[in-house]
Amino acid sequence: MSTKVRKYTLKPAPRPQKQYRVRYEDELNHEQLEVVMAGDGPMLVIAGAGSGKTRTLTYRVSRLIEDGVDPSDILLVTFTNKAAREMLSRVEQLVTIDTRRIWGGTFHSIGNRLLRRYAEPLGYRSGFTILDAEDSKEMMESAISSLGIKTLEKRFPKGDVLLDIYSFLINTRTPLELHLEQNYPHFMIYTDEIVKVFRAYKERKRGANAMDFDDLLVFWKVLLDDHEDISAALKRRYRAILVDEYQDTNKLQAGIIDAMASEKKNVMVVGDDAQSIYSFRGASFENILTFPLRFPNATIYKLETNYRSTRQILNLANASIAQNRFQFRKELQAVRGDGPDPAVVGVDDVYEQANFIAQRILELRDEGEHLGDIAVLYRSHYQSLELQMELSRRLIPYEIRSGVRFFEQAHIKDVLAYLKIVTNARDELSWKRTLKLYPKIGEKTAAEVWGRISEAVNPLEKFLRGLDVSGRGVAGSLKSLGEVLRLLDGEGMKHNPSESIRIVVERGYGDYARSKFANAQARLDDLEQLSQYALRYEDVNQFLDEVALANPIAGEDVATVGPEDEKIVLTSVHQAKGLEWRVVFVIWLADGRFPSQRALRVPGGIIRVEPSRVHEALPLLEGAIDDAPVIDEAGTRELVIPGEEEERRLFYVAVTRAMQELYLVFPVMSRDRGGMDILMEPSRFVRELPGDAYEKWVIGSE
């Protein structure tokens with residue numbers, strides 16, 4: 001009799017489930033949780049409007065730390081230092097660690113930190129000055145002057161225009177000739193001279209041991225491309241790289257991230273291709289669209305749960321953006337539930353448009369809405385003129401999101417120039433700016449003083465020893481400046497930027513301001529506030545770095561009209577990105593105005609796909625690739641993204657700012673340059689909406 005045999009399989013003992021301090025499954029929705037808990041490897045997170053991308057990024061960093069990743073091995077790149085601070089502060093609360101070890105900040109601030117370490121191989125000293133926009137403009141104009149170009153005798157571009165051209169070339173990798181041909185054809189006859197100016201500008205920066213904003217990225221990329229040992233160290237340096245607002249990166253920034261992640265490939269980029277609207281600043285829509293082509297093993301995640309807007313608003317937004325061919329398709333889903341249908345409102349002209357909006361705002365206030373929860377968005381600033389007048393007539397308070405940036409105001413730059421001299425004695429621009437604040441010292445004398453001290457190893461030491469400069473009254477001015485600089489150069493002051501600012505004001509600048517500016521007291525109040533702001537810094541260098549890297553929108557002046565504290569907001573759509581209001585009016589929705597006629601003529605981007613990569617192309621490109629022309633013998637195909645698509649993305653950004661109510665307003669009539677009435681078509685973005693996506697409002701009169 002045979003014995004019965006039973007096979008018994010031994011299974012591996014179950015591993016104990018990881019116990020996290022943070023209860024991620026309770027804090028996140030399933031889409032966010034999937035991203036936060038995902039393993040290593042390249043990741044593209046398409047984060048729809050209002051879907052909680054900041055929360056997702058923050059919890060991803062926390063989870064990495066909980067899983068043992070050293071905080072100093074994490075690189076978190078954001079588009080504002082404020083965003084980085086807020087994320088890292090939240091991480092600190094979640095996992096109770098010192099997040100200062102995390103490399104978090106903007107591209108420029110991180111580039112600054114790296115270049116302080118690796119300045120010497122690039123031919124710089126670690127104490128280099130960062131030039132702000134005004135400093136860069138002055139240095140560019142000095143470069144023009146040094147070449148003897150007679151700018152008054154011909155229409156040669158001024159310093160600020162040349163600086164814009166230079167910056168665009170650097171960040172977009174666009175050839176000068178092509179950029180001039182497309183955007184500045186009237187400057188093409190000066191191409192050779194412009195090249196010489198750019199060369200002189202770069203030489204002057206190096207001579208002053210100074211870098212402009214673009215250099216912080218350019219030299220970071222140079223380290224990665226041309227310095228083998230440093231490049232290898234940087235590519236091994238970070239265990240995890242995370243990039244926020246990836247749709248706003250330019251070609252240079254994307255190239256830096258690609259290089260930094262080229263070895264470990266443990267990079268997560270987060271953004272929304274449907275909100276890529278800054279091509280005029282050099283942002284490249286192609287970066288996010290082709291990320292899976294550059295990282296073929298990338299996993300794509302989508303955050304489609306929207307916490308901001310009603311179902312009706314999202315239905316309209318989804319229907320609009322669906323018209324774009326080049327995109328990662330997604331459907332935003334509302335958490336908030338239902339609200340009123342969006343309203344499409346046709347008005348006779350811009351004056352009736354202004355009347356309608358003003359009247360509706362007053363009705364909304366009577367219905368219980370706060371004025372601060374209402375915004376009017378437009379494609380271009382000039383489109384708010386009539387509305388501003390009508391709001392003023394009806395005494396409706398409003399604010400306009402525009403103005404001179406705080407740190408670019410003359411009196412702020414004057415005082416900071418003193419501090420820059422002490423931290424970098426070879427800063428020619430700061431020396432000349434400061435010298436010219438004193439009586440009897442003009443451009444000529446300032447240049448003479450700089451020429452005398454610049455030959456010394458330490459120009460500040462030579463200046464403080466005293467100079468014999470010709471000119472009546474000059475000696476007294478130099479003595480006064482020397483007394484202030486001697487105080488600032490004291491060891492205690494180098495660690496007290498707040499007191500340094502007060503010394504500058506009290507030892508002469510206050511008197512200068514009173515004699516120079518009609519609104520002197522307001523400017524002195526600004527300087528007192530600057531001193532208060534500096535209290536948080538224990539080092540003058542650190543303070544100056546933070547000021548130079550300040551978010552371009554931070555500290556801006558806001559024009560306000562009206563007696564109340566509560567005001568509606570008037571803003572361009574570009575400036576509204578990332579913000580939200582309960583009620584949003586989008587105005588001037590007429591073809592040629594929104595979308596802009598000029599934007600429709602310019603391609604929205606170009607994607608080139610080599611024949612060997614066609615099979616890897618994204619599903620969203622498959623149909624387009626079939627139609628794309630071959631541009632070389634190798635069989636490379638070129639896909640041109642229509643400019644209309646970015647304009648539609650801009651419209652999408654506008655409508656997704658609304659939480660509860662949305663009004664899309666278009667004037668039927670306008671005036672041409674000759675004063676004649678012309679009939680306008682409603683924007684194509686309105687005409688292409690399905691009829692069930694909105695309610696049509698017809699304006700009548702009593």
**OP:** On the 0 to 90° scale, with breaks at 30° and 60°, tag the Phe107-Trp220 ring pair as parallel, tilted or perpendicular.
**Re:** tilted

Original post:
Any chance the side chains of Tyr59 and Gln32 put a donor and an acceptor closer than 3.5 Å?
Top reply: no

Original post:
Judged by modelled atom types alone, do Asn266 and Tyr238 share a side-chain donor-acceptor pair under 3.5 Å?
Top reply: no

Original post:
Does a donor on one side chain and an acceptor on the other come within less than 3.5 Å for Arg85 and Asn81?
Top reply: no

Subject >> Over all atoms of both residues, closest heavy-atom pair of Ile501 and Ala534 >> reply: CD1-CB, 4.0 Å

Original post:
Should the heavy atoms of other residues, nucleotides or ligands under 6.0 Å from CD of Glu538 be counted, would the total exceed 12?
Top reply: no

Subject >> Short N-O contact, Asp40 and Lys265, less than 4.0 angstrom >> reply: no

Original post:
Would Asn209 and Arg426 count as having a side-chain donor-acceptor pair, cut-off 3.5 Å?
Top reply: no

Subject >> Test salt bridge (Lys or Arg N to Asp or Glu O under 4.0 Å) applied to Arg308 - qualifying residues, sequence neighbours left out >> reply: Glu580

Original post:
Distance-only, no hydrogens or angles: does the Arg657 side chain make a donor-acceptor pair with backbone N or O of Trp581 under 3.5 Å?
Top reply: no

Subject >> Contacts of Glu120 that satisfy side-chain hydrogen bond (donor to acceptor under 3.5 Å, both in side chains) - sequence neighbours left out >> reply: none

Original post:
Under 3.5 Å, is there a donor-acceptor pair between the side chain of Ser498 and the main chain of Ser531?
Top reply: yes

Original post:
Phe213 vs His108 aromatic rings, parallel, tilted or perpendicular, using cut-offs 30° and 60°?
Top reply: tilted

Original post:
Quick one: do the Gln542 and Asp539 side chains pair a donor with an acceptor below 3.5 Å?
Top reply: no

**OP:** May I ask you to decide if the ring planes of His574 and Tyr278 are parallel, tilted or perpendicular, using 30° and 60° as cut-offs?
**Re:** tilted

**OP:** For Glu646 and Arg649, run salt bridge (charged side-chain N to carboxylate O under 4.0 Å, His left out): C-alpha distance rounded to whole Å, both residues' side-chain angles, the deciding distance at 0.1 Å, then the answer.
**Re:** CA-CA 5 Å; Glu646 178 163 341; Arg649 295 195 296 270; 3.8 Å; yes

Subject >> Salt-bridge contact Asp248-Arg281 (side-chain N to carboxylate O under 4.0 Å) >> reply: no

**OP:** Ignoring hydrogens and angles, state whether a donor on the side chain of Ser136 or Asp212 is under 3.5 Å from an acceptor on the partner side chain.
**Re:** no

**OP:** Count the heavy atoms of every other residue, nucleotide or ligand shown that sit under 6.0 Å from NZ of Lys235, and state whether that count exceeds 12.
**Re:** yes

**OP:** Go through the structure and list residues passing side-chain hydrogen bond (donor to acceptor under 3.5 Å, both in side chains) with Thr172, not counting sequence neighbours.
**Re:** Thr174

**OP:** Begin with the C-alpha distance, continue with both residues' side-chain angles, and end with the deciding distance and a verdict on side chain to side chain donor-acceptor pair (under 3.5 Å) for Asp272 and Gln275.
**Re:** CA-CA 5 Å; Asp272 185 4; Gln275 296 187 72; 3.0 Å; yes

Original post:
Between the side chain of Glu66 and the main-chain N/O of Val95, is any donor-acceptor distance below 3.5 Å?
Top reply: no

Subject >> Results of side chain to side chain contact (heavy atoms under 4.5 Å, CB included) for Ala84 - residues two or more places apart only >> reply: Thr78

**OP:** Output all residues satisfying side-chain hydrogen bond (donor to acceptor under 3.5 Å, both in side chains) with Lys53, sequence neighbours left out; order by chain, then residue number.
**Re:** Asp244, Glu245

**OP:** Give a yes or no on whether Asp229 atom CG has more than 12 heavy-atom contacts from other residues, nucleotides or ligands under 6.0 Å away.
**Re:** no

**OP:** Tell me, please, which residues at least two apart from Thr56 pass side-chain hydrogen bond (donor to acceptor under 3.5 Å, both in side chains).
**Re:** none

Original post:
Do NZ/NE/NH1/NH2 and the carboxylate oxygens of Arg101 and Asp70 come within less than 4.0 Å?
Top reply: yes

Original post:
Quick one: do the Asp215 and Tyr124 side chains pair a donor with an acceptor below 3.5 Å?
Top reply: no

